[in-house]
Peer 1: 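Got a structure for you, questions after.
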Protein chains: 2
Amino acid sequence: MARSTMRDISRVTGFSVFTVSRALSGGDGVSEQSREQIIKAARELGYVVNRAAQELRRAKRDTVAIITASTSNSYYLDLMAGIQRALDPSEWTVIVGDVAVNGAYDARLEARMIQRLIESRTAGVISALTLQPEHAELLAKWDIPVVFVDSSPPPEAAHFPSVTTNNHKASMMVGQHLAGHGYKNWLFLVYPAKWSSRFGRESGLRDAASIAGANLVVLETANDSASARETLAQYLDDHAKPPHVLIAGNNPLLLGAMGLLKDRGIQVPGDMAVVAYDEFAWSTLTDPSITVLNEDSEEIGRRAAVMLREIIDGQEAAGRKGQSQSPVYVPEHRQQVSARLMLRRSCGCLESGRETAKGSSFQAA
Amino acid sequence: MARSTMRDISRVTGFSVFTVSRALSGGDGVSEQSREQIIKAARELGYVVNRAAQELRRAKRDTVAIITASTSNSYYLDLMAGIQRALDPSEWTVIVGDVAVNGAYDARLEARMIQRLIESRTAGVISALTLQPEHAELLAKWDIPVVFVDSSPPPEAAHFPSVTTNNHKASMMVGQHLAGHGYKNWLFLVYPAKWSSRFGRESGLRDAASIAGANLVVLETANDSASARETLAQYLDDHAKPPHVLIAGNNPLLLGAMGLLKDRGIQVPGDMAVVAYDEFAWSTLTDPSITVLNEDSEEIGRRAAVMLREIIDGQEAAGRKGQSQSPVYVPEHRQQVSARLMLRRSCGCLESGRETAKGSSFQAA
DNA sequence: CTAATTTACCTAAACGATTAGGTTGGCTTC
DNA sequence: GAAGCCAACCTAATCGTTTAGGTAAATTAG
């Protein structure tokens with residue numbers, strides 16, 4: 001069966017292309033009887049609308065893009081769930097653009113992605129990383145609104161909306177907990193400043209360390225497991241006294257670090273305690289189970305999507321009034337969500353197997 | 001700055017829209033001097049091509065879609081890497097469509113996704129799951145080629161190309177290994193037949209069990225961790241004698257099962273051995289480390305992408321000769337890739353902690 | 001020097017939808 | 001029964017590209 005167009009349906013039914021369009025898109029100006037006849041013909045011909053033609057003609061856009069670097073960070077799944085819940089999938093199309101290659105952020109990929117989104121006149125963007133300033137500007141020039149999640153806008157575009165974890169507060173909480181354990185030497189293994197969540201996390205830990213009279217060392221590494229492992233190995237080789245506690249900035253870094261500690265026979269938490277950012281599926285099943293700071297990624301995704309929808313609706317309303325289509329950003333479009341600390345064995349909690357209270361006699365090697 | 005079109009560039013430079021189009025798309029019929037002038041004007045105006053208009057006019061499509069259910073299965077990352085390596089990103093746009101909601105396959109989402117891909121006249125599809133027959137047929141009707149990866153086409157469309165693991169052979173290998181440990185009662189916790197890899201895995205285990213004189217029980221569950229946990233709990237409650245070994249059909253199922261075993265205090269591998277399908281990042285760091293069958297997902301992705309590109313090229317060539325654009329599928333388009341068994345502690349191997357010596361150890365098949 | 005070819009460009013017709021702006025004929029309304 | 005209105009349709013323009021089919025001038029061939 002050949003690909004059919006509205007003109008084919010028009011020929012078959014005898015109605016004009018106008019009437020066919022109106023009938024299929026649910027607009028008025030068509031009698032119920034005619035509509036049924038047209039829909040029936042469309043079904044028989046196997047008609048499917050051509051989105052390119054539709055988008056070319058229509059002002060209204062219905063595709064939003066999520067920009068992320070590496071979907072291996074499992075928070076991404078919750079984020080998506082939250083977004084999907086806020087954007088009715090029959091009305092919106094959500095596409096995901098991963099700007100990481102082999103788990104590592106790639107600047108050229110980001111440029112290509114932005115170009116692509118502008119080419120297809122995307123309705124809006126949710127970005128899980130701090131975009132390069134020129135890219136944020138480019139999107140703004142094309143009136144494409146951007147909401148940053150779990151990351152802040154670049155300083156040059158500070159007024160852009162964002163939904164983030166209150167990283168400073170959350171990290172203070174982490175620090176206070178570590179102080180409670182009596183740890184004095186903290187090592188923060190962290191990804192580059194490209195992901196802006198780093199700043200809040202670092203300053204929160206720093207403030208907590210200062211209050212507790214602890215010593216904080218910040219060790220930066222590229223944002224993947226292999227680099228994290230190598231960077232940490234180098235650090236441990238160079239320093240006679242290992243830290244009391246290792247704070248892993250995110251999941252891939254934790255993975256790299258844990259692999260190294262295991263291979264070197266460093267007991268956790270006996271020889272060195274560990275805490276990490278971001279919850280992940282296996283956190284309770286590793287040896288030992290890992291204490292993590294759990295962001296409410298689903299809530300972040302939901303709020304970001306709602307926000308984006310509001311901004312796009314605002315643009316449309318302005319467009320109908322003949323006003324500027326530039327996205328309007330207001331201060332309420334900067335929100336923070338709080339996080340929870342999930343206490344497990346790696347930080348030194350539950351040492352005596354309190355876990356067994358829940359029904360396990362599971363023993364670590 | 002307002003959005004500019006080719007007409008704007010034409011006005012500014014004095015050249016016709018034709019010449020502008022040729023200059024920007026790199027075609028001939030334009031002098032180098034004029035081309036430079038036009039490109040400069042385009043840059044100054046901030047021109048970005050309108051993809052909707054381009055796609056509407058052009059016959060050639062350059063977007064391929066990956067259909068997957070739940071990106072939490074980590075094989076997806078390797079798969080993507082393989083695909084990206086075979087499809088030059090400056091020439092092709094790859095989009096990912098996840099047809100799972102909260103980690104579970106959703107039939108309505110699949111329907112919506114297929115509809116969407118046809119609407120946008122996608123060039124080709126790589127599907128990581130066995131599509132519903134009517135959807136495979138629909139894509140075929142619109143001359144959109146499909147390559148199945150890690151899953152077979154639906155029986156109604158058996159001639160469709162696919163790249164899969166040789167599941168039967170691989171599962172025989174798993175079974176032989178289990179038999180070598182002396183286990184006699186095997187419990188295969190498996191996802192629904194929706195994912196066709198199930199058949200090869202099941203029959204391979206069955207044949208191996210039969211040869212080894214072992215007893216295989218197949219326990220089907222919905223394809224997510226929570227369901228797996230519940231199904232397994234029910235089974236253990238109903239049967240006085242637990243199996244000697246649990247074989248987890250994939251990652252989410254393994255996660256659910258391990259959580260249950262831990263909470264019930266069942267020692268692995270002491271009380272019950274465990275092996276699983278599909279490698280994952282934390283496999284060496286769980287307690288105990290998990291023996292898995294590792295598919296070569298990257299190679300699968302690479303081959304599928306190469307195959308798809310060949311088929312699309314074939315369509316174009318046929319189109320230029322005025323022949324049918326239907327994708328041409330040949331027997332060489334059904335390929336199998338072999339897998340490797342990664343031996344770790346959960347199956348009963350490496351009891352004495354040899355792992356720490358080598359970091360991880362595996363055996364090629 | 002003429003004819004043939006090549007180069008550099010242009011005009012205008014698509015592609016397949018949406019929509020502004022008609023035109024009917026039938027039905028009210030007073 | 002004239003005026004007004006509405007429902008149900010149609011015609012034709014339009015979105016921003018690509019491309020088939022030209023033309024005019026410059027270059028080359030014989």
Side-chain angles (χ1 to χ4, degrees), chain A residues 2-39 41-42 45-63 118-121 142-143 316 319-320 322 325, chain B residues 2-39 41-42 45-62 115-116 118-121 142 316 319-320 322 325:
Chain A
R3 306 174 175 207
S4 46
T5 71
M6 281 196 173
R7 199 185 311 279
D8 297 323
I9 301 180
S10 159
R11 256 196 291 273
V12 168
T13 59
F15 290 104
S16 74
V17 175
F18 163 86
T19 307
V20 172
S21 171
R22 274 318 229 274
L24 293 178
S25 65
D28 54 349
V30 191
S31 71
E32 268 319 302
Q33 200 191 358
S34 313
R35 185 189 303 270
E36 273 170 33
Q37 202 180 333
I38 289 170
I39 289 176
L45 287 171
Y47 170 81
V48 177
V49 70
N50 183 325
R51 206 166 253 265
Q54 198 172 49
E55 286 183 353
L56 176 57
R57 191 63 235 279
R58 254 217 281 250
K60 191 175 167 163
R61 246 90 233 188
D62 60 359
T63 302
I118 294 176
E119 284 180 1
S120 51
R121 309 294 193 259
W142 285 88
D143 293 342
E316 265 173 51
R320 274 195 302 274
Q325 296 261 51
Chain B
R3 306 173 175 207
S4 47
T5 70
M6 282 195 174
R7 199 185 313 278
D8 297 323
I9 301 179
S10 159
R11 256 195 292 271
V12 169
T13 59
F15 290 103
S16 74
V17 175
F18 163 86
T19 307
V20 173
S21 171
R22 273 323 226 280
L24 293 179
S25 66
D28 53 348
V30 190
S31 71
E32 268 318 303
Q33 199 190 359
S34 314
R35 185 189 303 270
E36 273 169 33
Q37 202 180 332
I38 288 170
I39 288 175
L45 287 172
Y47 171 80
V48 176
V49 69
N50 183 325
R51 207 167 251 265
Q54 199 172 50
E55 287 183 352
L56 176 57
R57 190 62 236 273
R58 252 216 284 250
K60 190 173 167 164
R61 246 89 232 190
D62 60 359
Q115 171 76 16
R116 219 262 165 195
I118 294 176
E119 285 180 2
S120 51
R121 309 297 192 254
W142 286 87
E316 265 173 50
R320 274 196 302 275
Q325 296 262 53

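Chain identifiers are assigned alphabetically (A, B, ...) following the order of the sequence lines, protein sequences preceding nucleic acid strands; residue numbering begins at 1 within each chain. Everything quoted here is computed from the prediction, not taken from an experiment.
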Peer 1: Using a cut-off of 4.0 Å on non-hydrogen atoms, how would the nucleic acid contact of B:S34 be classed: base, sugar-phosphate, or nothing?
Peer 2: sugar-phosphate
Peer 1: Does A:E55 offer a backbone N or O that forms a donor-acceptor pair with the side chain of A:R58 under 3.5 Å?
Peer 2: no
Peer 1: Taking the side chain from B:R35 and the backbone from B:A23, do they hold a donor-acceptor pair closer than 3.5 Å?
Peer 2: yes
Peer 1: Looking at A:S21, does any N or O in its side chain come under 4.0 Å of the phosphate oxygens OP1/OP2 on C:dA17?
Peer 2: no
Peer 1: NA contact type, B:T19, heavy-atom cut-off 4.0 Å: base, sugar-phosphate, or nothing?
Peer 2: sugar-phosphate
Peer 1: Can you identify which nucleotide, out of D:dC9, C:dC9, D:dT17, has its nearest atom closest to the B:V30 side chain?
Peer 2: C:dC9
Peer 1: With respect to the side chain of A:F15, which nucleotide from D:dC10, D:dG16, C:dC9 is positioned closest?
Peer 2: D:dC10
Peer 1: Donor-acceptor check, side chain of A:R121 to backbone of A:I118, threshold 3.5 angstrom: yes or no?
Peer 2: yes
Peer 1: Over how many whole Å does the gap from A:R51 atom CZ to C:dT18 atom P extend?
Peer 2: 11 Å
Peer 1: I want to check one thing: is the phosphate of C:dG16, taken as OP1 and OP2, less than 4.0 Å away from some side-chain N or O of A:Q54?
Peer 2: no
Peer 1: Quick one: which of C:dT18, D:dC9, D:dT19 gets closest to the side chain of B:R22?
Peer 2: D:dT19
Peer 1: Please give, in whole Å, the distance from C:dG16 C1' to B:I118 CD1?
Peer 2: 17 Å
Peer 1: Rounded to whole angstrom units, what separation is found between the CZ atom of B:F18 and the P atom of D:dA24?
Peer 2: 16 Å
Peer 1: From C:dA17, C:dC9, D:dA8, pick the nucleotide closest to the side chain of A:Y47?
Peer 2: C:dA17
Peer 1: Calculate the interatomic distance between A:E55 atom CD and D:dC15 atom P; express it in whole Å.
Peer 2: 17 Å
Peer 1: Rounded to whole angstrom units, what separation is found between the CZ atom of A:R35 and the C1' atom of D:dA8?
Peer 2: 12 Å
Peer 1: Base, sugar-phosphate or nothing for A:V49? Non-hydrogen atoms, less than 4.0 Å.
Peer 2: sugar-phosphate
Peer 1: I need the minimum non-hydrogen distance between A:R7 and A:V17, along with the two atoms involved.
Peer 2: CA-CG2, 4.1 Å
Peer 1: At under 4.0 Å, does any side-chain N or O of B:S16 touch on OP1 or OP2 of C:dC10?
Peer 2: yes
Peer 1: Please confirm whether the shortest side-chain N or O distance from A:S25 to OP1 or OP2 of C:dT18 is below 4.0 Å.
Peer 2: no
Peer 1: Separation of B:L56 atom CG from D:dT17 atom C1', in whole Å?
Peer 2: 8 Å
Peer 1: With the threshold set at 4.0 Å, does a side-chain nitrogen-carboxylate oxygen contact exist between A:D62 and A:R51?
Peer 2: yes
Peer 1: Rounding to a whole Å, what distance do you find between A:E119:CD and D:dG16:P?
Peer 2: 15 Å
Peer 1: Checking B:Q33 against B:Q37: is there a side-chain donor and acceptor pair closer than 3.5 Å?
Peer 2: no
Peer 1: Could you say whether B:E32 or B:R121 is positioned toward the 5' end of DNA chain C, judged by the nucleotide with the nearest heavy atom to each?
Peer 2: B:E32
Peer 1: Using only heavy-atom distances, decide whether a donor-acceptor pair under 3.5 angstrom links the side-chain of A:R57 to the base of D:dT14.
Peer 2: yes
Peer 1: From C-beta outward on A:S31, which listed nucleotide comes closest to its side chain: C:dT19, C:dC9, D:dA8?
Peer 2: D:dA8
Peer 1: Between atom CD1 in B:I9 and atom P in D:dG16, what is the gap in whole Å?
Peer 2: 13 Å
